[in-house]
Amino acid sequence: MTTIRLHNTRTRKREDFVPISADDVRMYVCGPTVYDRAHIGNARPVIVFDLLYRLLRHVYGPGHVSYVRNFTDVDDKINARAAESGRSIGEITAETTRWFLQDMAAVGALEPSLKGAEHDRAMPRATAYIDEMIAMIQDLVSKDHAYAAEGHVLFRVRSYAEYGALSGRSVDDMIAGARVEVAPYKEDPMDFVLWKPSDAETPGWDSPWGRGRPGWHIECSAMAEALLGDTFDIHGGGNDLTFPHHENEIAQSKCAGHGFANVWMHNEMLQVEGRKMSKSLGNFFTLNDLLEQGVPGEVIRFVFLSTHYRKPMDWTDKKRDEAERVLRKWYTQVAGDETTAPPAEAVDLLADDLNSHGVLTLCHRLSGENDVAGLRGALVLLGLLDDKIPDWAVEQAYDLTDVEAFLSDARVTAMETKDFAEVDRIKTALTALGIEVQMSKDGVKLKAPPGFDGTGLEGVL
RNA sequence: GGCGAGUUGGCGGAGUGGUUACGCAGCGGAUUGCAAAUCCGUGUACAGGAGUUCGAUUCUCCUACUCGCCUCCA
């Protein structure tokens, strides 16, 4: 069996991956807070961990992998969005969740699944696990790892000696550098909220500490335990979550007596044209914006896969264009073929800490060798190809036979008279329309650009 | 200030203790009426310094620079 090697943030080393149970390999990835469209950066962890999910399914079998990704549907940003828009929270979270799934499906991400369970249980909504969160908080309070104060419940960070191990910082350093306004009810500035009170307008649930809502960190700890058990294999997310989110998850779960995750994986951030994406720089856009502009999801995925997940990735128009050209070529090449197992070399590359770029390089080679089956298998493994070639890459059906004949006739005449003026005129005009003109001994061949509808041809004939 | 990741040819981007991939662009050639497409060929780049070593781009340390995180942003 292929040995997968993964970089573990916890140990800062690339390690052989040994699942707790090869019968059910379990992975948890932090999902979105559903208050708005997913921006392009949100797609990176989704694509990265989708790739890992596909690799795990390939190595251990599709029925032997459990992958959970949550939706955070209780959050102050959602509350704020509801207040400013006048819409209900339920409406906003339902719509945003739908958008998220559509956008991620467009970039080839499989939906998570849980071995032996209903499919949608693998994508838990935080609000469906409030009872589990309350139970976990009660447990932490009973073990003295948490305390109630003024309607809040706070995690006592000093009670967990290992706090900071994942992100490599000491509690004292954190306090020294913290720009935190310390709430008066906190025993220690580093303590974080497990539960907070809700007023009448804010969503809330009854609890031993009064009506309130959970803090963000406890959600993932509770849902991971409920769905994957108290010890599982891989926990993933963007590297901006390493601290404090993942550090806090570890503290909560470990103190509750769970083994929690063995391997921690973090993807690097995404930049746009060399700069951090932000609304103030005007380079902020959503996945949906790109899709609406006609950028195919496969092209977006290709660009993401062309940089290793642990390196910063830059989204540029140049990369987008190049990705489209390459994919169009490959898709044309593998069209009509049957999908077979991916080349072992492709699997090995991916197994080496997800060397997706290496697999793309291999695809270039397979394409050059015209190894259609290998190329197709590799593309399927990468999630760049399903059963059929995407519509945008299918050779355009626009019939140019008449034009080909017309040009061919003119060319035959020109060959005799040695006067190529008319042929050149036609060629130039066709090229201006975006049509690719190929002339050889065998005759004339024309290729219409994507979406060509014949407009402008009357001026040529 | 602390912590983390990164720095490879014109651009993108892999990888390796000892001849550095691959893609794009460029250049040369084949082919073509000319092109396009295709094919062939072509590039002495590994941030700087010190150390370990017979030998380092690859390991260690230091410096510089870039990016991210430091209470809820993937």
Side-chain angles (χ1 to χ4, degrees), chain A residues 7 9 12 29-33 36 38-49 69 72 75-77 157 164 166-170 172-183 186 189-193 196 214-219 236-245 247-248 266-271 274-278 303 306-314 316 318-319 321-323 325-326 329 349 352 355-365 367-368 411 414-420 423-424 427-428 430-431 435-441 444-447:
Chain A
H7 181 91
T9 306
R12 305 188 204 301
V29 175
C30 293
T33 299
D36 205 351
H39 66 248
I40 174 112
N42 293 124
R44 195 160 191 205
V46 174
I47 291 174
V48 164
F49 291 103
R69 186 185 60 213
T72 295
D75 184 274
D76 288 350
K77 267 186 299 219
V157 168
L166 180 72
S167 54
R169 29 187 117 195
S170 74
D172 294 325
D173 286 345
M174 284 184 255
I175 291 170
R179 311 182 290 244
V180 192
E181 212 174 304
V182 181
K186 283 190 182 183
M190 287 315 297
D191 292 350
F192 58 89
V193 170
K196 51 190 161 187
W216 178 39
H217 313 299
I218 196 70
E219 296 175 14
N239 81 348
D240 55 340
L241 295 185
T242 310
F243 186 89
H245 186 53
E247 202 74 73
N248 291 355
H266 293 95
N267 61 275
E268 251 295 344
M269 299 290 103
L270 179 124
Q271 293 175 267
R275 314 180 71 176
K276 179 185 163 96
M277 180 169 65
S278 74
V303 172
S306 66
T307 299
H308 189 260
Y309 76 94
R310 295 186 58 245
K311 285 194 175 182
M313 195 207 99
D314 200 14
T316 63
K318 193 181 167 209
K319 286 185 180 177
D321 294 343
E322 190 177 324
R325 270 203 309 281
V326 172
K329 178 180 148 191
L349 284 162
D352 186 17
N355 187 354
S356 50
H357 182 91
V359 181
L360 291 176
T361 298
L362 174 66
C363 286
H364 278 293
R365 203 184 80 209
S367 169
R411 186 158 168 270
M415 298 283 240
E416 288 162 6
T417 63
K418 301 295 176 200
D419 175 8
F420 289 91
V423 176
D424 286 341
K427 191 177 80 177
T428 306
L430 291 175
T431 306
I435 296 169
E436 195 178 300
V437 180
Q438 298 180 13
M439 289 187 269
S440 67
K441 284 198 189 101
V444 174
K445 194 160 163 38
L446 300 179
K447 277 171 84 175

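In what follows, chains carry the letters A, B, and so on, assigned in the order in which the sequence lines appear, proteins first and then strands, with residues in each chain numbered from 1. Here the structure is a predicted model, which means the values were calculated and not measured.
With rounding to whole Å, A:Asp314 atom CG is found 7 Å from B:G13 atom P. Across the protein-nucleic acid pair, A:Arg411 atom CZ and B:U32 atom C1' stand 8 Å apart, rounded to whole Å. Atom-to-atom, CG of A:Asp240 to C1' of B:A5 comes out at 13 Å; the value is rounded to the nearest Å. In this structure, A:His266 atom NE2 and B:C3 atom C1' are separated by 13 Å, rounded to whole Å. The NE2 atom of A:His357 sits 17 Å away from the C1' atom of B:G6 (whole-angstrom rounding). The distance from atom OH of A:Tyr309 to atom C1' of B:A5 is 12 Å, rounded to the nearest whole Å. Following rounding to the nearest Å, A:His308 (NE2) and B:G6 (P) show an atom-to-atom distance of 10 Å. Atom CD in A:Glu268 sits about 14 Å away from atom P in B:G4, given to the nearest Å.
Counting non-hydrogen atoms under 4.0 angstrom, A:Gly168 reaches the backbone sugars and phosphates but no base. Here A:Phe243 lies in heavy-atom contact (under 4.0 Å) with sugar-phosphate atoms only. As judged by a 4.0 angstrom heavy-atom cut-off over every strand, A:Arg310 is placed among residues touching the sugar-phosphate backbone only. Among the heavy atoms of the strands, none lies under 4.0 Å from A:Lys418. Across all strands, A:Glu436 comes closer than 4.0 Å only to sugar-phosphate atoms, never to a base (heavy-atom distances). Here A:Leu270 lies in heavy-atom contact (under 4.0 Å) with a base. In this structure, A:Thr307 reaches the sugar-phosphate backbone alone: every heavy-atom distance under 4.0 Å involves primed, P, OP1 or OP2 atoms, never a base. Nucleic acid contact class of A:Lys329 (heavy atoms, under 4.0 Å, all strands): none. Among the heavy atoms of the strands, none lies under 4.0 Å from A:Val46. Residue A:Ser167 is classed as a sugar-phosphate contact, given heavy-atom separations below 4.0 Å to backbone atoms only.
Side-chain atoms of A:Lys318 lie closest to B:C11 of the nucleotides B:C73, B:C11, B:C72. For A:His364, whose side chain is taken as the heavy atoms from C-beta onward, the closest listed nucleotide among B:G23, B:G33, B:C67 is B:G23. Here the nucleotide nearest the side chain of A:Arg325, chosen from B:G33, B:A74, B:C24, is B:C24. The side chain of A:Arg169 approaches B:G2 more closely than any other nucleotide in the set B:G2, B:C73, B:G23.
Taking atom C1' in both B:C22 and B:G17, the straight-line distance is 23 Å, to the nearest Å. Comparing the P positions of B:G23 and B:U42 gives an interatomic distance of 12 Å, to the nearest angstrom. For B:C46 and B:G9, the P atoms lie 8 Å apart once the distance is rounded to whole Å. Distance check on atom C1': B:U63 versus B:A21 gives 30 Å, rounded to whole Å. Only the P atoms considered, B:U20 is 14 Å distant from B:A56, to the nearest whole Å. Atom name P, nucleotides B:U38 and B:C24: the rounded distance is 9 Å, in whole Å. Separating the C1' atom of B:U19 from that of B:G51 is a span of 26 Å, rounded to the nearest Å. Taking atom C1' in both B:C3 and B:U8, one finds a spacing of 26 Å when rounded to whole Å.
Within the 4.0 Å cut-off from OP1 or OP2 of B:G23, not a single side-chain nitrogen or oxygen of A:Thr361 is found. Proximity of A:Asn355 to the phosphate of B:G15: a side-chain N or O atom is located under 4.0 Å from OP1 or OP2. Under 4.0 angstrom from either OP1 or OP2 of B:C67 there lies no side-chain N or O belonging to A:Lys311.
Of all nucleotides present, none satisfies the Watson-Crick or G-U wobble test against B:U19 with each distance under 3.5 Å. Both distances falling under 3.5 Å, in either a Watson-Crick or a G-U wobble arrangement, occur for no nucleotide opposite B:U57. Nucleotide B:C65 forms a pair with B:G6, judged by Watson-Crick or G-U wobble geometry with both contacts under 3.5 Å.
Remark: A:Arg169 is positioned above the aromatic ring of A:Phe243, its terminal NZ or CZ atom under 6.0 angstrom from the ring centre and at most 45 degrees off the axis.
Aromatic ring orientation, A:His245 versus A:Trp216: parallel (interplanar angle below 30°, classes split at 30° and 60°).
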